[in-house]
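Okay, structure first, notes after.
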Amino acid sequence: MQTLVLCKPDAVRRNLIGEIIRRCEQKGYVVAKLAKLVPSRQLLAQHYLEHEGKPFYEPLMEFMLSGEVVAIALEGERVIEGFRALAGSTEPTLAAPGTIRGDLGRDWGTKVVQNLVHGSDSDESAARELALWFS
Ligand code: DAT
Ligand code: MG
């Protein structure tokens, strides 16, 4: 089983790629594929299809286009749920200590919340997103 993990531009800028991968590996998951790239707007539009039209959509796109991201196919039994648990809740201010967002993130007063990582939220999303990022 695999999930798509993205280290977002804030994580790359803050040199947190290693720390994020360390937490995944320490948990027991395996990095099956890894790529560093500046995503195209077209790729992001597909990736964030469900958020189109929401007030934070355009700021989210601009943020995700603002630099390199690291895309990871992370592998292991129940890794989709497992990585969401490692990442913590969407809002870094409230994300539990011990999680990636809780330990490493905060609110920077930006229009879109910058929360370091993305993780697929279901089997269907994981399959769709892995195909998009690793086609
Ligand atoms: P998650 O990344 O936890 O799956 P999501 O899919 O609901 O969260 O949203 C995608 C990203 O958009 C999220 O990581 C941060 C941003 N975001 C979500 N809801 C937001 C809101 N209400 N205000 C600002 N940014 C938001
Ligand atoms: Mg999501």
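Residue numbers start at 1 and run along the sequence shown. Just so you know, ligand 1 is whichever comes first in the structure, and atom 1 is the first atom listed for that ligand. Just the heavy atoms: all of them, side chains too, but no hydrogens, waters or symmetry mates, feed the values below.
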Nearest neighbour in protein (non-hydrogen) for atom 2 (O) of ligand 1: R101 NH2, 3.2 Å

With a 4.5 Å limit on heavy-atom distance, are the side chains of R101 and S89 in contact? no

Does the side chain of P39 come within less than 4.5 Å of W133's, by heavy atoms? yes

Between R84 and ligand 1, which residue portion shows a heavy-atom distance shorter than 4.0 Å: side chain, backbone, both, or neither? side chain

Atom 14 (O) of ligand 1: the protein heavy-atom neighbour that sits closest, reported with distance to 0.1 Å: N115 ND2, 2.8 Å

Can you figure out which of H47, H51, K8 has its heavy atom closest to atom 10 (C) of ligand 1? H51

Honestly, for M61 the part within reach of ligand 1 (heavy atoms, under 4.0 Å) is neither

With heavy atoms and a 4.0 Å threshold, my read on which part of H118 contacts ligand 1 is neither

Side-chain contact, heavy-atom cut-off 4.5 Å: D121 with R84? yes

Nearest non-hydrogen protein atom to atom 15 (C) of ligand 1, with distance, is V113 CG1, 3.1 Å

Would you indicate whether K54, at its atom NZ, is surrounded by more than 12 heavy atoms from other residues, nucleotides or ligands within a distance under 6.0 Å? yes

Heavy-atom contact under 4.0 Å between V112 and ligand 1? yes

Validation row: I80, S122 side chains within 4.5 angstrom (heavy atoms): no

Looking at atom 23 (N) of ligand 1, what's its closest protein heavy atom, distance included? F56 CD2, 3.9 Å

Between the side chains of S66 and R13, does any donor sit under 3.5 Å from an acceptor? yes

heavy-atom search around atom 8 (O) of ligand 1 in the protein gives T90 OG1, 3.5 Å

Mark yes when over 12 heavy atoms from residues, nucleotides or ligands other than R78 sit less than 6.0 Å from its CZ; otherwise mark no. no

